[in-house]
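Report on the structure given below.
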Amino acid sequence: MNNLEKSADEETTKGEKKDSSSAVLETEPSDSGMAAASATDGVAATALRSVIQRIEHAAERCGGRSDQVRLVAVSKTKPVSLVKQVYDAGHRCFGENYVKELIEKAPQLPDDIEWHFIGNLQSNKVKPLLTGVPNLAMVETVDDEKIANQLDRVAGNIGRKPLKVFIQVNTSGEETKSGVEPDGCLELVKHVTSNCPNLEFCGLMTIGMPDYTSTPENFKTLARCRSEVCEALGISEDQCDLSMGMSGDFELAVEMGSTNVRVGSTIFGAREYPTKQSN
C-alpha cells in the first residue's frame, strides 16, 4: 500500500465528455483565462491538503494509519494545467475515467505520475490505453473475464511489467452499474490469478449508491468479499486493497477500512459536461 502523500485515487461518475476536455488542452488561454486558472489552481492545491488532513483524521478515528490509504486525485474533464498544479503540490497518483482523455493528458505531464484508470473499459480500448500511457499503474475496473483476458494479452504483447488490477464489484445491485456480482467475485479473482500472468491482482473496488443511502452496507459487502477472497487465496487482508470512497463518502470509507479513495470534485472543483462522448 502506498503512502498517502505519494499516490492518489478516483471518483467514478456518469456521463463524461472528453471533447470539452480536449478543447481545453488544445486552446491557448486568454490572459483573463490564465488568471482564472491560476486562482483555481491555488484552490486545488489547498483542497488537496484539506483532503489529506481529512483522511488522516478519519484513519485516526478508526485506529488506522493514513499512510496505508492511497489517495487517487480524479482529474477527469480538468485541464493539464490544473493537474500540474496538484502535481507540483507533491501529489503523484491521479485517476481518469476515459481512455481518450487519459491518452491526451498523459504525454503532457511528468512520467512519474501513477495513473489509475477508473472508468468502464471496453475491449477495443485496451491496446490504445496500454500503449498510449506507459506509466499506467492500475486498472481499477476489471469486471469480467473478457476484459481481464484482453488486458493480459495486450500487456504481454507489448512487453510491459505486469499490470496491477482491481476487480470491480457491484455491491449496490444497480443494473446501471458495472461490476461483477458479489457472489461471482471470487471466481473472477481466481481467473485473474490463475490465467492472467501479465496481470497482478491487488484488490477490490466498488462504487456505492449515488445518494449514499446504502453506502455503509455497500462497503461492508466489499469487505466481506475481501475476506472470502483472502481466505481462498491464502493471503492476509492487508495484501488485498479495498478501493471505496469518493468525494461524498471518502471519510466514511476510510473509517470502514478503505485503502484506496478516489476523490475528484472535492479537489478539482465541479465538472462541466458539454457533450456526451463514448469512452
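Both backbone and side-chain heavy atoms feed into the values below; hydrogens, waters and symmetry mates do not.
Relative orientation of the Phe94 and Trp115 rings is tilted, given thresholds of 30° and 60° on the angle between their planes.
Checked for salt-bridge contact, Glu101 and Lys105 meet the test: a charged N lies under 4.0 Å from a carboxylate O. In this structure, Arg226 does not pair ionically with Asp241, as no charged nitrogen and carboxylate oxygen lie closer than 4.0 Å. With salt bridges taken as basic N to acidic carboxylate O contacts below 4.0 Å, one links Glu251 and Arg54. Of the charged side-chain nitrogens involved, at least one lies within less than 4.0 Å of a carboxylate oxygen, so that Arg61 and Glu255 count as a salt-bridged pair. In summary, Asp144 and Lys146 do not engage in a salt bridge, as defined by a charged side-chain N under 4.0 Å from a carboxylate O.
Side-chain contact between Leu109 and Tyr87 is absent, with no heavy-atom pair separated by less than 4.5 Å. Counting only heavy atoms from C-beta outward, the side chains of Ser178 and Gln168 approach each other to under 4.5 Å. Using a 4.5 Å cut-off on side-chain heavy atoms (C-beta onward), Lys220 and Met256 make contact.
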The test is side-chain contact (heavy atoms from CB on, under 4.5 Å); show your working for Gln108 and Lys84 and say whether it passes. CA-CA 9 Å; Gln108 303 179 65; Lys84 185 62 164 58; over 6 Å; no
Kindly indicate, with the supporting measurements, whether the criterion side-chain hydrogen bond (donor to acceptor under 3.5 Å, both in side chains) is fulfilled by Tyr98 and Asn120. CA-CA 8 Å; Tyr98 293 93; Asn120 181 257; over 6 Å; no
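Of the possible donor and acceptor atoms, none in the side chain of Ser50 sits under 3.5 Å from a partner among the backbone N and O of Thr46.
Checking Thr141, Val126, Val133, Val165 one by one against Phe117, the side-chain contact (heavy atoms from CB on, under 4.5 Å) holds for a single residue, Thr141.
Annotation: Glu231, atom CD; neighbour count of heavy atoms from other residues, nucleotides and ligands within 6.0 Å does not exceed 12. For Glu217, the CD atom sits in a packed shell: over 12 heavy atoms of surrounding residues, nucleotides or ligands are nearer than 6.0 Å.
Closest heavy-atom contact between Cys185 and Val229: SG-CG2, 4.1 Å.
For Gln150 and Ser123, the side-chain atoms include no donor-acceptor pair closer than 3.5 Å. For the residue pair Arg224 and Thr221, a side-chain donor N or O sits within less than 3.5 Å of a side-chain acceptor on the partner.
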